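Step one of this worksheet: look at the structure below.
The structure displayed is predicted, hence computed values, not measured ones. Count residues from 1 along the sequence.
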Amino acid sequence: MSRFRLPRPRLLWLVPLLLLAACTAPPDEEDDGAPYPWPDQAPGERWQPPPGVGWQWQLTGRLDLSVNAPVYDVDGFTTTKEQVAALAKAGRKTICYLSTGAWEDFRPDADAFPKALLGRGNGWEGERWLDIRRPAELEPLIAARFDMCRDKGFDAVEPDNMDGYRNATGFPLTAADQLAYNRLIARLAHDRGLAVGLKNDLDQVPELVGDFDFAVNEQCAQYRECDRLTPFVAAGKAVFHVEYELAADRFCDRSRELGLSSLEKRYGLGAWRKAC
């Protein structure tokens, strides 16, 4: 989640703009469209994205399946099983974006979350922090979402809102609470054969790099924090990174030095991208 709390682009007047962005994204120049040479996976072996692999992150607008990126990170609810299959046929790996630390009133399972689990708003329209100190109630809800990702054919999950303890959630969350919950999330993904990414939560990278298969970060270049993600790269694990307010030419050289998989994106997270 970005540190800048902008409203999610869900208003009707934005829909045509998002569709236009999806249809007019410039052709990607990072590869020639040939399938990425993924190593063979043994039966039951999880996918492990390597440092520096290219990616696309699209959460709004009509999904553009033509982007020349080896990895797609897309919305787990709105992306269909058929779209995931089409990407797999083209040699793409897919990451299932879900919120695991915040409740969203627009999701089809929203009514399944007990009201007592819902805290303060997290800055996004229709979203509230979850009380992660109550894993007995949260585990079956998150497990059902991960089952959906697995059944659609995704290779991995991107669990969002994984740093509630550093925010005003309405609950007295501690770093220990967050570590325990994040490790639960990793276990639930791994139990289903899915790779899992650590979203932001830079303070706990040293403790969690062994539990997660990759990292997803927003704006580490803007805040001069990208070095804190290098434990993932050192462990042979990808760091998928985006910047919204910096032009690519201001961070790409450093991203390449660090081995990050970096993009310039717009806040709406439509199809448009500029890869390093």
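With hydrogens and angles ignored, the 3.5 Å screen pairs a side-chain donor or acceptor of K265 with a backbone N or O of G270. Checked by atom type and distance alone, the side chain of K152 pairs as donor or acceptor with a backbone atom of F77 at under 3.5 Å. In terms of modelled atom types and a separation under 3.5 Å, the side chain of T230 and the main chain of V233 share no donor-acceptor contact. Distance alone, capped at 3.5 Å, places no donor-acceptor pair between the Q222 side chain and the E243 backbone. With hydrogens and angles ignored, the 3.5 Å screen pairs a side-chain donor or acceptor of Q58 with a backbone N or O of R62. A donor-acceptor pair under 3.5 Å links the side-chain atoms of E45 to the main chain of A42, judged by distance alone. At least one donor-acceptor pair under 3.5 Å links the side chain of T60 to the backbone N or O of G268.
The shortest heavy-atom contact between G76 and C96 is CA-SG, 3.3 Å. Closest heavy-atom contact between R128 and G119: NE-O, 2.8 Å. Taking all atoms of both residues into account, the shortest heavy-atom contact from Q48 to A238 is NE2-N, 4.5 Å. Listed here is the closest heavy atom pair of E104 and A110: O-CB, 3.5 Å. Residues K81 and D151 share a closest heavy-atom pair of CE-O, 3.5 Å. The two atoms that bring G164 and W129 nearest to each other are CA-CZ3, 3.6 Å, heavy atoms only.
Here the OG1-CG distance, from T100 to N182, works out to 7.5 Å after rounding to the nearest 0.5 Å. How far CH2 of W103 is from CG of D109: 10.5 Å, rounded to the nearest 0.5 Å. Going from atom OH of Y223 over to atom CD of E218 covers 10.5 Å, rounded to the nearest 0.5 Å. The structure places OG1 of T94 at 6.5 Å from CG of L87, a figure rounded to the nearest 0.5 Å. Atom-to-atom distance recorded for T169:OG1 and N161:CG is 11.5 Å, nearest 0.5 angstrom. Separating the CZ atom in F146 from the CD atom in E139 is a distance of 10.5 Å, to the nearest 0.5 Å.
Side-chain contact between Y72 and T79 is absent, with no heavy atoms from C-beta onward closer than 4.5 Å. In this structure, the side chains of R145 and R107 come closer than 4.5 Å at one or more pairs of heavy atoms. The side-chain heavy atoms of M162 and I185, taken from C-beta on, include a pair separated by under 4.5 Å. Side-chain contact check for K93 versus P49: every heavy-atom pair is 4.5 Å or farther apart. C220 is listed as a side-chain neighbour of L229, based on a closest heavy-atom distance under 4.5 Å. You'll find the side chain of N167 stays beyond 4.5 Å of the side chain of N122, heavy atoms only. Looking at I95 and D155, their side chains never come closer than 4.5 Å, going by heavy atoms from C-beta outward. When side chains are defined from C-beta on, P51 does not count as touching F232, because their heavy atoms never get closer than 4.5 Å.
With sequence neighbours excluded, the residues that form a side chain to side chain donor-acceptor pair (under 3.5 Å) with R192 are D147. Listed by chain and number, the residues in a salt bridge (Lys or Arg N to Asp or Glu O under 4.0 Å) with R120 amount to none (sequence neighbours excluded).
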- Task: Test L260 against C226 for side chain to side chain contact (heavy atoms under 4.5 Å, CB included), laying out the working first.
- Result: CA-CA 9 Å; L260 310 186; C226 292; 4.0 Å; yes

- Query: Checking salt bridge (charged side-chain N to carboxylate O under 4.0 Å, His left out) for the pair R228/D201: CA distance, chi angles, key distance, verdict?
  - Reply: CA-CA 10 Å; R228 301 176 68 185; D201 195 17; over 6 Å; no

- Would V74 and F154 count as a side chain to side chain contact (heavy atoms under 4.5 Å, CB included) if you check the C-alpha gap in whole Å, the side-chain angles of each, and the deciding distance to 0.1 Å? CA-CA 10 Å; V74 294; F154 281 97; 3.6 Å; yes

- Message: As a quick check of understanding, evaluate side chain to side chain contact (heavy atoms under 4.5 Å, CB included) for S262 and V242, giving each step before the final call.
- Response: CA-CA 6 Å; S262 296; V242 299; over 6 Å; no

- Item | Test side chain to side chain contact (heavy atoms under 4.5 Å, CB included) applied to Q204 and Y165, step by step | CA-CA 11 Å; Q204 297 186 330; Y165 78 106; 3.5 Å; yes

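We find that D203 and R166 are joined by a salt bridge, their nearest charged nitrogen and carboxylate oxygen being less than 4.0 Å apart. With salt bridges taken as basic N to acidic carboxylate O contacts below 4.0 Å, none links D191 and R150. With respect to the salt-bridge test (charged N to carboxylate O, under 4.0 angstrom), the residues R133 and D131 qualify.
Y244 and E264 share no side-chain donor-acceptor pair at under 3.5 Å. In this model, a donor atom of one side chain and an acceptor atom of the other lie less than 3.5 Å apart for T174 and D177.
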Side-chain donor-acceptor pairs of residues 207-216 under 3.5 Å, sequence neighbours excluded:
unit_1 : atom_1 : unit_2 : atom_2 : d
D211   : OD2    : R183   : NE     : 3.2
D213   : OD2    : H190   : NE2    : 2.7
D213   : OD2    : V196   : N      : 2.9

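Classified by interplanar angle (parallel below 30°, tilted 30° to 60°, perpendicular above 60°), the ring pair H241/F251 is perpendicular.
Two rings, from W38 and W47, have their centers less than 6.0 Å apart.
The local environment of CZ in R250 is sparse, with at most 12 non-hydrogen atoms from other residues, nucleotides or ligands closer than 6.0 Å.
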